[in-house]
Amino acid sequence: MQNELGTPEYTQSMVVLTGAGISAESGVPTYRGTEGLWRNHCPQDLATPGAFSRDPDLVWDFYKWRRELVTSCEPNLAHLTLVEMEKQFENFFIITQNVDGLHQRAGSKNVLELHGSLWKIKCTQCGDRWQDFQIPLPAGNPICPSCGSLARPDVVWFGEPLERDILEQAHALSASADWMLVVGTSASIQPANILPLIAREVGARIIEINLEPTPLSAEASLTLKGPAGEVLPSWWDRIRHG
Ligand code: BJW
Ligand code: ZN
């Protein structure tokens, strides 16, 4: 299979799209599926602008809990393999849907966060944004230091547009990719799930790593089934050492 597909050259552009599955072996719950976050929490109650206006305390409690959970997790072998890959390729980019910050903690440099970050906060009024790694956050809901208004997690909720410049960068990277590695995403959320299709349109080879088939599988040049923390290091080992 690898012969038919060819082998990535280090001068080619390698774009990696990651989803919650890449962090699953670190102990971060995925969103969907039997162990997913949405199994116990209704997205409409927690991850929409409407939910936050109705009950900011409930939504902040959910995000404070997730910040604490992620703090107790470590990057796994899949995150670490991407750090090694970045050192080899001249053009290497991670586009992540994850908000956990584990790619950066592992040491990856070129990371585009499509859906924001658990470690960023933004003002609901003046739009100021800041990083905050405190665990735990002080009691009560975070307040904007500039204008004193209620602040919110700087993540992208359902029905909200992604940051325009981030989405434009993601489109541009996908449209100039030679290879796209899609790791641990259900490929069910727009507009992130369009990115591999953009890459395929320009002739990129799509490699998918997942525990199960997704709507993208039929479009992929190669699907590697299994846990990312095992499959990704062994695929990379084969590429590097032949
Ligand atoms: C492993 C593994 C292992 C497990 N190894 N693999 C109706 C109402 C509202 C919106 C819409 C609507 N209809 C359509 C929409 C659009 C909507 C959308 O796509 N909805 C779908 C349900 C159809 N999209 C949006 O709303 C987006 N915005 C938008 O479209 O704006 C348009 C607009 C323009 C102009 C003005 C206004 C609007 C925004 C989407 C934001 C998504 N946000 C979230 C929450 C982030 C914050 C937070 O974390 O709290 O992002 S939702 C959630 O899904 C999160 C994720 O990043 C995203 C994707 O999930 P992911 O990563 O794929 O995880 P899972 O759990 O789904 O899958 C895990 C996978 O891993 C599985 O396949 C496993 O098999 C696999 N796996 N272990 C390898 N060890
Ligand atoms: Zn403010």
Side-chain angles (χ1 to χ4, degrees), residues 17-39 41-52 59-60 62-67 69-70 76-79 81 95-102 113-130 142-164 166-167 181-196 207-217 223-233 235:
L17 174 66
T18 64
I22 197 168
S23 297
E25 290 154 81
S26 294
V28 182
T30 59
Y31 291 90
R32 296 162 192 88
T34 47
E35 302 299 321
L37 271 181
W38 300 146
R39 299 289 293 185
H41 304 276
C42 171
Q44 274 67 31
D45 289 345
L46 295 166
T48 64
F52 189 69
V59 174
W60 262 119
F62 176 57
Y63 282 90
K64 287 178 174 178
W65 167 71
R66 286 173 61 200
R67 286 166 60 105
L69 188 146
V70 169
N76 64 55
L77 280 179
H79 298 105
T81 300
I95 303 174
T96 188
Q97 298 168 81
N98 298 345
V99 295
D100 56 29
L102 286 182
E113 291 178 319
L114 283 181
H115 294 160
S117 169
L118 288 176
W119 310 106
K120 291 184 189 147
I121 297 178
K122 75 175 174 190
C123 177
T124 55
Q125 296 304 317
C126 74
D128 263 18
R129 331 170 101 95
W130 61 95
I143 296 298
C144 174
S146 305
C147 75
S149 304
L150 175 65
R152 56 164 277 182
D154 191 2
V155 297
V156 183
W157 285 324
F158 280 111
E160 291 188 310
L162 276 64
E163 284 291 316
R164 182 203 283 253
I166 291 183
L167 188 57
L181 192 54
V182 183
V183 188
T185 175
S186 58
S188 60
I189 298 299
Q190 300 162 13
N193 61 356
I194 307 299
L195 299 174
I207 301 176
E208 181 183 49
I209 298 180
N210 203 306
L211 292 180
E212 54 191 40
T214 74
L216 179 68
S217 305
T223 298
L224 300 170
K225 191 173 174 214
E230 294 171 23
V231 172
L232 181 52
W235 174 78

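Remember, it's a predicted structure, so these values are computed and weren't measured experimentally. First listed ligand is number 1; within each ligand, the first listed atom is number 1.
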Would you say [X]'s side chain and [Y]'s backbone share a donor-acceptor pair under 3.5 angstrom?
X      : Y      : result
Ser26  : Val28  : no
Asn76  : Ala78  : yes
Ser149 : Thr124 : no

>> Does this structure show an ion pair linking Glu160 with Lys122, if we count only N-O contacts that are shorter than 4.0 Å?
In response: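 Salt bridge: no.
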
> Where the Zn ion (ligand 2) is the centre, what is the SG-to-SG angle for Cys126 and Cys147, rounded to 10°?
Replying inline: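 My answer is 120°, to the nearest 10°.
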
> What closest approach, in Å, do Glu208 and Ser217 show between heavy atoms, and which atom pair accounts for it?
Replying inline: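 Between these two residues, the closest heavy atoms are OE1-OG, 2.7 Å.
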
>> Please verify the inter-ring angle class for Phe52 with Trp157; under 30° counts as parallel, over 60° as perpendicular, anything in between as tilted.
In response: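 The arrangement is tilted - the two ring planes meet at 30° to 60°.
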
>> At less than 4.0 angstrom from any atom of ligand 1, which residues have a non-hydrogen atom? List them by chain and residue number.
In response: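 Within 4.0 Å of ligand 1, protein side: Gly19, Ala20, Gly21, Ala24, Glu25, Thr30, Tyr31, Arg32, Trp38, Tyr63, Arg66, Gln97, Val99, His115, Val155, Val156, Trp157, Phe158, Gly159, Glu160, Pro161, Leu162, Gly184, Thr185, Ser186, Ser188, Ile189, Gln190, Asn210, Leu211, Glu212, Gly226, Pro227, Ala228.
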
